[in-house]
**Q** 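Have a look at this one before I ask anything.
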Amino acid sequence: MPKDAPPNGGAPPAEDPEGSGGRVSGMQVKLHRWAAADPGRRFDDLFNFVHDPMTLRHAFYRVAGNKGARTAGMDGVTVAHVEEQIGVLRFLDDLRTSLKDGSFRPQPVRERKIPKPGGSGKVRSLGIPTVADRVVQAALKLVLEPIFEADFEPVSYGFRPERRAHDAIAEIQLFGTKGYRWVLDADVEAAFDTVSHSALLGRVRKRVKDKRVVALVKAFLKAGVLTELGDQRSSDAGTPQGGILSPLLFNIAMSALDERLQEPWKDGGTMGTAARRVRRRAKGLPNWKVSRY
């Protein structure tokens with residue numbers, strides 16, 4: 001299992017004075033190994049990993065190390081407030097209790113609109129969860145990511161451990177040295193905002209049998225949005241940008257596209273062997289490769 005990516009591609013996690021990282025890393029290695037060894041395995045009893053004190057502690061220090069740690073969600077609480085006014089251990093104990101007794105409920109994310117890069121004048125919406133929700137999302141990510149990383153196609157590069165945009169670019173440049181001459185740049189419009197919840201949860205259930213974990217993922221998807229005008233809006237589709245868990249959920253959803261596009265390259269596919277690719281070229285048919293970021 002490669003090293004876990006920083007939340008949202010942000011800063012590395014703050015130092016964990018309790019040293020929870022080793023135990024959590026060991027748990028991740030086992031989950032990844034089991035998932036890779038049995039592609040059809042559905043994992044049960046994952047909820048205990050999510051609310052394990054070491055997982056929550058490690059998740060908190062990942063949240064504290066994120067560049068958005070000073071930003072509050074709809075409850076106005078920041079990481080600094082937790083550290084200075086509540087106490088980290090008390091905060092995590094209360095959070096663990098609410099998870100175990102089923103009283104935990106994700107709060108609506110606070111909407112914040114920021115300009116899109118490129119000077120187009122357009123804006124995109126970020127959803128800022130509360131600190132408590134960020135910690136639970138980080139804990140879910142620590143548990144779920146090693147499982148789904150075993151399934152993801154190597155052609156996807158966005159928000160994955162040890163992968164970045166430069167790797168995708170390098171692969172495209174490599175394609176150019178192997179006879180590929182055209183680059184088609186395509187974009188999934190409003191991708192994060194339009195993910196189907198039912199389709200996404202269906203793919204989560206293919207690997208996760210633990211209904212408590214699936215219910216927790218669903219609760220975050222359905223948490224809603226507190227707009228900049230102070231109105232609450234339901235979330236019937238999409239996974240809000242700004243949440244620690246959102247990039248992983250988006251990759252789980254997009255893995256259906258990756259798998260479909262990779263089918264011709266699998267055993268028995270129309271581009272699965274060099275001879276078949278030669279025959280395609282002889283017939284004037286294109287051979288193509290995909291790189292998604």
**Q** Taking the side chain as every heavy atom from C-beta outward, state whether F49 and L31 have any atom pair closer than 4.5 Å.
**A**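 With C-beta onward as the side chain, the pair touches.
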**Q** Would you call V290 and W265 a side-chain contact if the rule is heavy atoms closer than 4.5 Å?
**A** no
**Q** Do V50 and D210 have side-chain heavy atoms sitting under 4.5 Å apart?
**A**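 Counting from C-beta outward, V50 and D210 never come under 4.5 Å.
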**Q** Report the distance from atom CZ of R96 to atom CG of D101, rounding to the nearest 0.5 Å.
**A** 11.5 Å
**Q** Can you tell me how far NZ of K100 sits from OG1 of T97, rounded to the nearest 0.5 angstrom?
**A**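 Going from the OG1 atom of T97 to the NZ atom of K100 covers 7.0 Å.
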**Q** Between R57 and D93, does any side-chain N to carboxylate O distance fall below 4.0 Å?
**A** no
**Q** Who passes side chain to side chain contact (heavy atoms under 4.5 Å, CB included) against V109, sequence neighbours left out?
**A**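 Only P129, V225, P240 meet the side chain to side chain contact (heavy atoms under 4.5 Å, CB included) criterion with V109.
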**Q** Restricting to pairs with a member in residues 215-235, which pass salt bridge (charged side-chain N to carboxylate O under 4.0 Å, His left out), not counting sequence neighbours?
**A** E111-R233
**Q** Does CZ belonging to R112 count more than 12 external heavy atoms closer than 6.0 Å?
**A**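 12 or below, so no.
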**Q** Atom CD of E145 and atom CG of L140: how far apart are they, to the nearest 0.5 Å?
**A**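 Here the rounded value is 12.0 Å.
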**Q** Can you pull the side-chain hydrogen bond (donor to acceptor under 3.5 Å, both in side chains) pairs that have at least one residue in residues 71-90, sequence neighbours excluded?
**A**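 For residues 71-90, and leaving out neighbouring residues, there are no side-chain hydrogen bond (donor to acceptor under 3.5 Å, both in side chains) pairs at all.
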**Q** How many angstroms lie between atom CG of L92 and atom NE2 of H51, to the nearest 0.5 angstrom?
**A**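 So the gap between those two atoms works out to 14.0 Å.
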**Q** State whether the side chain of S255 and the backbone N or O of I252 hold a donor-acceptor pair below 3.5 Å, judged by distance alone.
**A**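 Yes, because the side chain of S255 sits within donor-acceptor range (under 3.5 Å) of the backbone of I252.
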**Q** Are side-chain heavy atoms of D38 and W34 found at a separation under 4.5 Å?
**A**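 No - every pair of side-chain heavy atoms lies 4.5 Å or more apart.
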**Q** With sequence neighbours excluded, give me every side-chain hydrogen bond (donor to acceptor under 3.5 Å, both in side chains) pair touching residues 279-293.
**A**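 As it turns out, the side-chain hydrogen bond (donor to acceptor under 3.5 Å, both in side chains) pairs with a partner in residues 279-293, which skip direct neighbours, are N251-R292, D258-R292, R280-N287.
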**Q** Is there a path of hydrophobic side-chain contacts, each under 4.5 Å between heavy atoms, that joins L245 and L126?
**A**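 No, separate clusters.
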**Q** Identify the residue among R203, K266, K206 that makes a salt bridge (Lys or Arg N to Asp or Glu O under 4.0 Å) with E259.
**A**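 Only one option passes, and that is R203.
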**Q** Compare all side-chain heavy atoms of L248 with those of F152 and state whether any distance is below 4.5 angstrom.
**A**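 The answer is yes, as the side chains (C-beta and beyond) meet within the 4.5 Å cut-off.
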**Q** Are more than 12 heavy atoms, taken from residues, nucleotides or ligands other than R260, located less than 6.0 Å from that residue's CZ atom?
**A**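 Open.
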**Q** Within the structure provided, determine whether M74 and T130 are in side-chain contact (heavy-atom separation under 4.5 Å).
**A** yes
**Q** Mind checking the CG-CG spacing from L221 to D236? Nearest 0.5 Å is all I need.
**A**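 CG of D236 is found 11.5 Å from CG of L221.
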**Q** For the residue pair V213 and V143, establish whether any side-chain heavy-atom pair is separated by less than 4.5 Å.
**A**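 No, their side chains stay 4.5 Å or more apart.
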**Q** Suppose the criterion is ring-ring contact (aromatic ring centres under 6.0 Å, His included): which pairs have a residue in residues 182-218, not counting sequence neighbours?
**A**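 Output for this query lists F192-F250.
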**Q** Pairs of donor and acceptor atoms involving the side chains of residues 169-179, under 3.5 Å and at least two apart or interchain, shall be tabulated with distances.
**A**
| unit_1 | atom_1 | unit_2 | atom_2 | d |
| --- | --- | --- | --- | --- |
| E171 | OE1 | Y157 | OH | 3.0 |
| E171 | OE2 | Y157 | OH | 3.3 |
| T177 | OG1 | L174 | O | 2.6 |

**Q** I want to check something: taking the side chain as every heavy atom from C-beta on, are F104 and D94 in contact at a cut-off of under 4.5 Å?
**A** no
**Q** Going from CZ on R62 to CZ on R134, what distance comes out if it is rounded to the nearest 0.5 angstrom?
**A**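 The CZ atom of R134 is 15.5 Å from CZ of R62, to the nearest 0.5 Å.
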